[in-house]
Amino acid sequence: LTGTATGILIGSGGGVTFTAGANNLLAMDSNPGSLDGWAYSLNQFSVSVVSSSLAKGTLSGQVRMPVGNAPLNYTATLSHAPSASKLNYVFSIQPSTNFQADLFGPATLNLKPSSKIEAGNLGAGGAFMARAELDGKLSLSGTVGGIPLSLVGVTFENFTLRSQPSPQYFTPGTWSFASPQHAFGSTDGYADDVPPGSASGFPITITSVKPVSGTTQTNHPKVGFTVGVKATLPAAFEATTAVTVWGRLERDAKNNFRPA
């Protein structure tokens, strides 16, 4: 831990003006902080105060969203909430092109720069809450419910995560898909050496991608998506089914949310 303070002035009216900073305040692995249940590190902090009022504040470090175990780099600004004495934190996260979404098992998120995290008096009655609004793409390659599944080209907008259940931990936003490369019976887009977009040699079509959310029997929040599938069989027969990929959250030893 290192810190500095410069330009300390006391005005004639008693107001204080100064600039201060500190480094390595919180470490993600050993003593993370908590944004209402979201673990974060604080690598750098600086603040400027003019006449005892906040003029500027910045932070940087890493934050761990509940959808995955890997932390994301962030920078953040501090500001006063309108008509209140509380602080708001607006985080700018560094998008990841290969973010493992452990909440969904073998899924990977590619986050767009428009994704953002906020923390402050955003909850019901002005309670402190963390919130992430995510835009990007999802791909999945692995076994889901005992079924090998390959799925790419799924896009999402305004997929929202909250640290409080009010109105709800997850808001699905808008999900869509635009890729021919979907397959059952394989984890690499191919089923038994047949082209992608087939299941055991039969052509398949993804008919829908529908996000779902809720709580478990033990009252843990859960979120997922249901994939509707249509397979074209011999003699012009068709078969339809749906596969739901669920993920749930739980608290770790430091009471922060992690994928179960």
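How far CG of Leu138 is from OG1 of Thr108: 7.5 Å, rounded to the nearest 0.5 Å. Taking CZ of Phe159 as the start and OG1 of Thr174 as the end, the distance is 12.5 Å to the nearest 0.5 Å. The OG1 atom of Thr160 lies 4.5 Å from the CD atom of Glu133; values are rounded to the nearest 0.5 Å. Rounding to the nearest 0.5 Å places CH2 of Trp175 at 9.5 Å from OG1 of Thr155. A distance of 7.5 Å separates CG of Leu59 from CD of Gln44, quoted to the nearest 0.5 Å. From Trp246, atom CH2 reaches atom OG of Ser213 across 6.5 Å, with rounding to the nearest 0.5 Å.
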Self-check item: Worked verdict on Val223 versus Tyr169 for side chain to side chain contact (heavy atoms under 4.5 Å, CB included)
Solution: CA-CA 9 Å; Val223 67; Tyr169 284 109; over 6 Å; no

Practice problem: Under the side chain to side chain contact (heavy atoms under 4.5 Å, CB included) rule, what do Ile117 and Val63 come out as? Steps first, then yes or no, please. | Solution: CA-CA 9 Å; Ile117 298 176; Val63 62; 3.7 Å; yes

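Scanning for side-chain hydrogen bond (donor to acceptor under 3.5 Å, both in side chains) contacts around Ser139 gives an empty result, with sequence neighbours left out. Residues satisfying the ring pair (Phe, Tyr, Trp, His ring centres under 6.0 Å) criterion with Phe45, sequence neighbours excluded, are absent altogether. Applying the side-chain hydrogen bond (donor to acceptor under 3.5 Å, both in side chains) test to Arg248 and every residue at least two apart in sequence or in another chain returns nothing. Considering only residues two or more places apart in sequence or on other chains, Thr218 meets the side-chain hydrogen bond (donor to acceptor under 3.5 Å, both in side chains) condition with Thr216, His220.
Enclosure of atom NZ in Lys137 is not indicated, since only 12 or fewer non-hydrogen atoms of other residues, nucleotides or ligands lie within 6.0 angstrom. Counting heavy atoms of neighbouring residues, nucleotides and ligands inside a 6.0 Å radius, atom CG of Asn31 exceeds 12 of them.
Residue Asn43 comes nearest to Gly61 through the heavy atom pair ND2-CA, 3.5 Å, listed as atom of the first residue, atom of the second, then distance. Closest of all the heavy-atom pairs between Leu109 and Phe156 is CD2-CE2, 3.8 Å. The shortest non-hydrogen separation linking Thr226 to Ala242 is CG2-CB, 3.9 Å. Smallest separation of non-hydrogen atoms from Ala132 and Trp38: N-CH2, 3.6 Å.
A distance-only check finds a donor-acceptor pair linking the side chain of Ser41 to the backbone of Gln62 [under 3.5 Å]. Side-chain atoms of Ser115 come within 3.5 Å of backbone atoms of Asp135 as a donor-acceptor pair (strictly under, hydrogens ignored).
In this structure, Val67 and Leu161 have side chains that are in contact, with non-hydrogen atoms separated by less than 4.5 Å. Side-chain contact check for Met65 versus Leu111: some heavy-atom pair is nearer than 4.5 Å. Side-chain atoms of Phe170 and Val212, non-hydrogen and from C-beta on, never get closer than 4.5 Å to each other.
Met28 and Leu26 end up in different hydrophobic clusters when Ile, Leu, Val, Met, Phe, Trp and Tyr side chains are linked at under 4.5 Å. Tracing side-chain contacts under 4.5 Å through hydrophobic residues (I, L, V, M, F, W, Y), one reaches Tyr40 starting from Leu25; they form part of the same cluster.
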Show me, pair by pair, the donor-acceptor contacts under 3.5 angstrom made by side chains of residues 252-260, not counting sequence neighbours?
from	atom 1	to	atom 2	distance (Å)
Asp252	OD1	Lys254	N	2.9
Asp252	OD1	Asn255	N	3.0
Asp252	OD1	Asn256	N	2.8
Asn256	OD1	Ser34	OG	2.9
Arg258	NE	Asn69	OD1	2.8
Arg258	NH2	Asn69	OD1	2.9

Just list the side-chain donor-acceptor pairs under 3.5 Å for residues 122-129, sequence neighbours left out, or say none.
none

